[in-house]
> 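After the C-alpha cells below, expect a handful of questions from me.
Not measured: the values here are computed from a predicted model. In the text below, chain A, chain B and the rest are named by the order of the sequence lines, each starting its count at 1. Just the heavy atoms: all of them, side chains too, but no hydrogens, waters or symmetry mates, feed the values below.
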Amino acid sequence: MPKYGMVIDLNKCTSCQACVTACKVENNVQIVSEDDAQHGRAMFWMKMLTMEFDGDYPNIKPKTLPRNCMQCDEPSCIKVCPVRATYIREDGIVAQIYPQCIGCRYCMANCPYTVKVFNWDRQAQPKEVEKTYNPDVSVRPKGIVEKCTFCVHRLQDASEKAKAEHRELEPGDYVPACVEACPVDAITFGDLDDKKSDVSVASRDYRAFGLLEELGTVPKVRYLNAIE
Amino acid sequence: MSYVDLHDEDETLFRPIYETSKSFYIAVVVLTGVFLFGLGCYIHQLLYGLGATGMDEPVSWAFYIVDFVFFIGISHAGTLISAILRLSKAEWRRPITRMAEVITGIVLAIGGLHPVIDLGRPDRILHLFERGRLQSPLLWDLTSVTAYFTASTIYLYIPMIPDIALLRDRGGKLQNLYKILAWGYKGTPKQKHALEKAINILMVMVIPIAISVHTIIAWIFGMTLQPGWHSTIFGPYFVVGAIYSGIAALVIVMIAFRKLYHFEDYLKEIHFQYLGTLLLVVSLLWTYFTFAEYLTTFYGHEPAEMRVFDYKFIGAYWPYFWLMVLVNFVMPVIILSNKKTKTIKGILVASIGVVIGMWLERLIIIIPTLANPRLPYPTGMYTPSITELGIAAAATSAFILGFMGFSKIFPLISIWETKEGRESSVHEVSMRLREYLPGHPEEAKVEASVKAEL
C-alpha cells in the first residue's frame with residue numbers, strides 16, 4: 001500500500017496562486033458572497049498564507065506558503081470527531097464523509113493548521129460555475145465541514161482505469177489538481193514509502209521541514225525551505 | 001374545603017402556589033415575548049444556516065458554546081451545593097436546597113440544548129447515537145450531561161415527595177397531578193425510612209457526577225492541542241468556576257424570590273451570611289487557579305501561547321479580561337471580607353458581579369484561543385449577531401420562566417424539611433454537640449436540657 005505525500009518547494013514557488021484556483025474549481029468549493037468573504041468566511045482548501053513580511057515599506061518581501069491539508073499521520077481532527085465523519089485511509093489520506101458530518105466544528109477547533117472550512121450557508125453560485133461543476137466531487141450542503149482530500153476522487157478514477165487496462169497503478173497516474181496546475185513544478189507528489197520516488201527523495205532533502213511538526217501531528221505535506 | 005380555611009404553621013410557603021399577583025402575569029408576558037423572539041431567531045438560523053451567526057473562520061465556536069459552558073456551570077449551584085450541605089449535616093441548608101436543585105434542573109436542560117443549537121446539521125443529531133465515537137470528548141460530554149440531568153432531576157423529585165403529599169392532602173388545584181406524583185406517600189415510618197435512604201444514596205452519587213460534568217466540559221478544550229486550552233489544570237479550574245457561578249446565581253435567585261414571595265422569615269440574614277462566606281472562599285480558590293494558570297503560561301513564554309495571553313491581557317480582549325478580574329476577584333473579596341458591606345444587599349451586588357464575571361471568563365477562555373491560531377491567519381474581532389443575542393436572551397428568560405412556573409406548582413422551600421428541622425433537629429444537634437465534648441452524654445439528660453432551653 002502506498003503512502004501518499006507531497007513536498008512543496010518554496011524556492012520555486014512564485015505565489016501565483018494557480019494551485020489555489022485549480023483546487024477550488026476541481027473540488028466544487030463554494031464561492032461565498034462578498035459580505036461573507038469580508039467576514040472571514042471565504043472557503044479555500046488550498047490557501048496562500050503570508051508567513052512574514054521582510055523589509056520595510058515600500059520594499060517589502062513577503063514570505064508566502066501555500067497551505068493545504070497537511071494529511072497528518074496523527075491527525076488531531078480525527079481524534080475528536082464524534083461521528084467518524086473524518087477518518088484516515090490505509091494509504092494515509094485523511095478523508096471526509098460528508099453525509100455523516102453533524103457540523104459540530106470540533107475538528108476545526110482542534111486543527112493546528114486551521115485547514116478545515118465550514119459551509120456557513122449555501123449561496124447560489126454563478127451560472128458559469130454551475131455549468132463547470134466537477135461531476136466526480138459531491139457539492140456539499142450547508143452546515144458541514146470540509147477540507148482538502150488530496151483529490152481522492154482522482155485516485156479512484158486512476159485506479160479504476162488501471163484496473164480496466166489490467167495493470168498496476170503507476171506513479172504519475174494520480175496527481176492532485178494543485179500539483180497539475182503548478183506552472184513551475186514546485187509541488188512534487190507521490191508515494192512516500194517508495195524510497196526512490198521524487199517525493200520521497202525530496203522529503204529527505206536537507207531543506208525539508210514539516211509545518212508545526214513539533215506538535216507530533218506527523219504531516220505528510222512537507223516543505224523545502226527557501227534559500228536565497 | 002377551600003385553601004383559605006387551612007392554617008398551617010408554614011402557610012407562607014404554600015401561598016405562592018395558590019395566589020398569583022398581577023406583576024407575575026406581566027413578567028410572564030414579557031418573558032414569553034423575549035422567548036418567542038429567540039425562538040424566531042433560531043428558526044431563522046435553521047433555515048439560513050449558521051451563517052446567521054457572527055461566527056467565522058477562525059472563530060468557529062462562539063456564543064453558543066460560551067453559553068453552554070456558562071449554563072452548565074450555573075447548574076452546579078444546585079445539586080452539588082445541596083448535596084454537600086446535606087452530607088455535612090449543615091442545618092441551615094433546609095430552606096436552601098430546594099431552590100438550588102430547581103436551578104440545576106432548569107439550567108441543565110437549557111444549557112444542554114446549546115450544543116444542539118450550535119450544530120450545523122441538527123437534523124443529523126441521531127448520528128451521535130447511531131455511530132458515536134466514544135474516543136471523542138463530545139461523546140463523553142453527552143454521556144455526562146445526560147447522566148447529570150437524570151440524577152439531578154431524581155434528586156430534585158425524591159425529597160419533594162412529602163411536600164407533594166401535603167399539597168395532595170390539601171385538595172383543590174392540580175389534585176390529580178399531585179396524586180400521581182406523591183406516589184401514595186403518607187408519612188408512615190417505613191416510607192420515611194425509604195425516603196431517607198433514597199436521599200442518602202442520591203446525594204452521595206450526585207457529587208461525583210456533578211464534578212465529572214464540568215471536568216469533561218473542560219476537557220473538550222483541554223484535550224485539544226490549542227494554545228490557551230491545552231492545560232492540565234482545566235478540569236478542576238472549570239469545576240471551581242462552576243461552583244463559583246452556581247453559588248452566585250443561587251444567591252440572586254434566593255434574594256429575588258424572598259422579596260417576591262415574602263420568605264423573609266425563612267431565608268434569614270444568617271443564611272446569606274453563610275452563603276456569602278462560601279462565596280468568598282470559592283472566590284479566592286478561583287483566583288488562585290486563575291493566577292496559577294496564567295503565571296505558568298507567562299513564565300513559559302511559548303510564542304503561540306503568548307499570542308493568546310497578550311490578546312487577553314493587552315490585546316483586543318483586555319476590557320473583558322480586566323473587567324472579569326474586577327468583578328470576580330476585587331469586588332467580591334472587598335465586599336465579602338468586610339463586615340460593613342457583607343449585608344444582603346452587598347452579597348447581592350457581589351453575586352451579580354460574579355455571574356457576569358463567570359460568563360466573561362468562559363468568553364475569555366473560548367474566543368481568544370480560536371482568534372489566534374498557530375499559523376498566521378487574518379484575525380478579526382468576533383461580534384455576535386442578533387440571532388445569537390436573541391437566543392441568549394431567550395435562554396435566560398426560559399430559565400426565569402421555568403423557575404416561576406415551578407413556583408406555581410411546587411413549594412420553593414421544602415416544607416417537610418422545615419418542619420422536621422423545627423421538630424427534631426434541635427434535639428439531634430444538641431446531642432451531636434454534646435458528643436463532640438469529653439464524657440458520655442445521656443440522651444434523657446440532653447432532652448431535658450433542650451426542653452428547658454426551649
Side-chain angles (χ1 to χ4, degrees), chain A residues 32-33 35-44 47 49-53 63-65 67 76-85 87 97-123 141-145 211-212 215-217, chain B residues 45-61 65 115-116 118-142 220-221 223-227 229-230 304 366 369-371 373-380 382-383 385:
Chain A
V32 302
S33 69
D35 254 14
D36 269 7
Q38 276 182 354
H39 203 285
R41 291 175 180 171
M43 300 177 73
F44 293 105
K47 193 166 176 151
L49 296 186
T50 308
M51 299 304 279
E52 54 187 280
F53 290 101
K63 274 191 181 164
T64 57
L65 177 145
R67 185 238 53 202
S76 26
C77 52
I78 287 176
K79 263 196 265 184
V80 297
C81 180
V83 290
R84 196 175 173 270
Y87 69 106
I97 311 173
Y98 300 124
Q100 198 121 314
C101 177
I102 59 171
C104 71
R105 310 191 297 295
Y106 201 172
C107 54
M108 292 174 80
N110 200 21
C111 175
Y113 307 99
T114 14
V115 304
K116 296 225 156 181
V117 285
F118 186 69
N119 288 277
W120 295 99
D121 40 53
R122 188 80 215 169
Q123 275 149 3
K142 75 176 181 216
I144 67 163
V145 176
L211 261 188
L212 303 176
L215 295 177
T217 46
Chain B
Q45 179 186 305
L46 270 184
L47 297 175
Y48 186 70
L50 280 176
T53 67
M55 288 186 271
D56 53 34
E57 259 141 66
V59 186
S60 52
W61 275 351
I65 300 292
V116 182
D118 187 61
L119 283 189
R121 296 300 300 246
D123 52 319
R124 294 182 183 168
I125 180 96
L126 289 179
H127 287 197
L128 284 173
F129 301 96
E130 275 173 47
R131 49 202 105 176
R133 284 177 75 250
L134 267 182
Q135 299 94 313
S136 166
L138 271 188
L139 253 281
W140 312 346
D141 192 46
L142 182 77
I220 291 184
F221 307 104
M223 292 294 160
T224 67
L225 276 175
Q226 306 298 30
W229 284 358
H230 190 55
I366 292 166
T369 289
L370 288 168
R374 286 178 195 268
L375 291 182
Y377 220 78
T379 49
Y382 156 81
T383 28
S385 72

> Between B:Leu370, B:Leu139, B:Asp118, B:Thr53, which shows the greatest number of heavy-atom pairs under 4.5 Å with chain A?
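Greatest number of close heavy-atom pairs with chain A: B:Asp118.
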> Which distance, rounded to the nearest 0.5 Å, do you find between the CZ of B:Arg121 and the SG of A:Cys101?
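These two atoms lie 9.0 Å from each other.
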> Please report the C-alpha distance between A:Leu211 and B:Leu375 in whole Å, then the side-chain angles of each, then the deciding distance to 0.1 Å, and finally whether the side chain to side chain contact (heavy atoms under 4.5 Å, CB included) criterion is met.
CA-CA 9 Å; A:Leu211 261 188; B:Leu375 291 182; 3.9 Å; yes
> Output the distance between atom NE2 (A:His39) and atom OG (B:Ser385), rounded to the nearest 0.5 Å.
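Rounded to the nearest 0.5 Å, the NE2-OG separation comes to 8.0 Å.
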> So which part of B:Ile220 gets closer than 4.5 Å to some heavy atom of chain A, the side chain, the backbone, both or neither?
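Contact with chain A involves both backbone and side-chain atoms of B:Ile220.
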> Using heavy-atom distances under 4.5 Å, tell me whether A:Lys79 contacts chain B through its side chain, its backbone, both, or neither.
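Looking at A:Lys79, just its backbone touches chain B.
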> Go through A:Glu52, A:Arg122, A:Arg41, A:Met108 and name the one with the most non-hydrogen pairs under 4.5 angstrom from chain B.
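With the most close heavy-atom pairs to chain B, the winner is A:Arg41.
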> Could you look at A:Ser76 and say if it's the side chain, the backbone, both or neither that has a heavy atom under 4.5 Å from chain B?
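It is the side chain, since no backbone atom gets that close.
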> What part of B:Leu138 lies closer than 4.5 angstrom to a heavy atom of chain A: side chain, backbone, both or neither?
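Contact with chain A involves both backbone and side-chain atoms of B:Leu138.
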> To check you understand the geometry: which heavy-atom pair defines the closest contact between A:Tyr106 and B:Phe221, and what is its length?
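Minimum heavy-atom contact is OH-N, 4.4 Å.
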> Is it the side chain or the backbone of A:Gln38 that comes within 4.5 Å of chain B heavy atoms, both, or neither?
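Neither part, no heavy atoms under 4.5 Å.
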> Out of A:Pro141, A:Ala85, A:Cys111, A:Ala109, which one racks up the most heavy-atom pairs below 4.5 Å with chain B?
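Result: the option with the highest number of such pairs is A:Ala109.
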> Quick check for you: among B:Gly132, B:Pro115, B:Pro137, which has the greatest number of heavy-atom pairs under 4.5 Å with chain A?
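Option with the greatest count: B:Pro137.
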> Heavy-atom pairs under 4.5 Å with chain B - which of A:Ile78, A:Asp36, A:Thr217 has more of them than the others?
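The option with the most such pairs is A:Ile78.
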> Who among A:Gly103, A:Pro82, A:Cys81 has the most heavy-atom pairs with chain B under 4.5 Å?
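Of the options given, most contacts go to A:Pro82.
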> Please identify each residue that fulfils ring pair (Phe, Tyr, Trp, His ring centres under 6.0 Å) with A:Phe118, with sequence neighbours left out.
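Only A:Trp120 meet the ring pair (Phe, Tyr, Trp, His ring centres under 6.0 Å) criterion with A:Phe118.
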> Select one option (side chain, backbone, both, neither) describing which atoms of B:Leu47 are under 4.5 Å from chain A's heavy atoms.
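Looking at B:Leu47, just its backbone touches chain A.
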> Any side-chain heavy-atom pair from A:Tyr113 and B:Pro373 closer than 4.5 angstrom?
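No; the side chains remain at least 4.5 Å from each other.
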> What part of A:Leu212 lies closer than 4.5 angstrom to a heavy atom of chain B: side chain, backbone, both or neither?
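The side chain, not the backbone.
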> I'd like to check A:Val83 versus B:Leu128 (side-chain heavy atoms, cut-off strictly below 4.5 Å). Are they in contact?
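A side-chain contact under 4.5 Å exists here.
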> Please check if the side chain of A:Asn110 supplies one atom and the backbone of B:Leu225 the other of a donor-acceptor pair under 3.5 Å.
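Yes, because the side chain of A:Asn110 sits within donor-acceptor range (under 3.5 Å) of the backbone of B:Leu225.
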> Between B:Arg374 and A:Thr114 (side chain of the first, backbone of the second, donor and acceptor by atom type, cut-off under 3.5 Å), is there such a pair?
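Not a single qualifying donor-acceptor pair exists.
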> Quick check for you: among B:Ala52, B:Pro122, B:Gly54, which has the greatest number of heavy-atom pairs under 4.5 Å with chain A?
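Maximum pair count with chain A is reached by B:Gly54.
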> Please walk me through it: do B:Arg124 and A:Ile144 pass side chain to side chain contact (heavy atoms under 4.5 Å, CB included)?
CA-CA 11 Å; B:Arg124 294 182 183 168; A:Ile144 67 163; 3.6 Å; yes
> B:Thr369 versus chain A, heavy atoms under 4.5 Å apart: side chain, backbone, both or neither?
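It is neither, since no heavy atom gets under 4.5 Å.
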> Would you mind checking which part of B:Leu46 comes under 4.5 Å of any heavy atom in chain A, side chain (CB onward), backbone (N, CA, C, O), both or neither?
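B:Leu46 touches chain A through backbone heavy atoms alone.
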> Give the C-alpha distance, both sets of side-chain angles, the deciding distance and a yes or no for side chain to side chain contact (heavy atoms under 4.5 Å, CB included) between B:Leu50 and A:Arg105.
CA-CA 11 Å; B:Leu50 280 176; A:Arg105 310 191 297 295; 3.0 Å; yes
> Quick one: list whatever passes side chain to side chain contact (heavy atoms under 4.5 Å, CB included) with B:Arg131, sequence neighbours left out.
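Side chain to side chain contact (heavy atoms under 4.5 Å, CB included) list for B:Arg131, sorted by chain: A:Gln100, B:His127.
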> What part of A:Val32 gets closer than 4.5 Å to chain B, counting heavy atoms only: side chain, backbone, both or neither?
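Neither; nothing under 4.5 Å.
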> Is there side-chain contact between B:Glu57 and A:Val117, with heavy atoms separated by less than 4.5 Å?
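When only atoms from C-beta onward are counted, A:Val117 and B:Glu57 do touch, with a gap below 4.5 Å.
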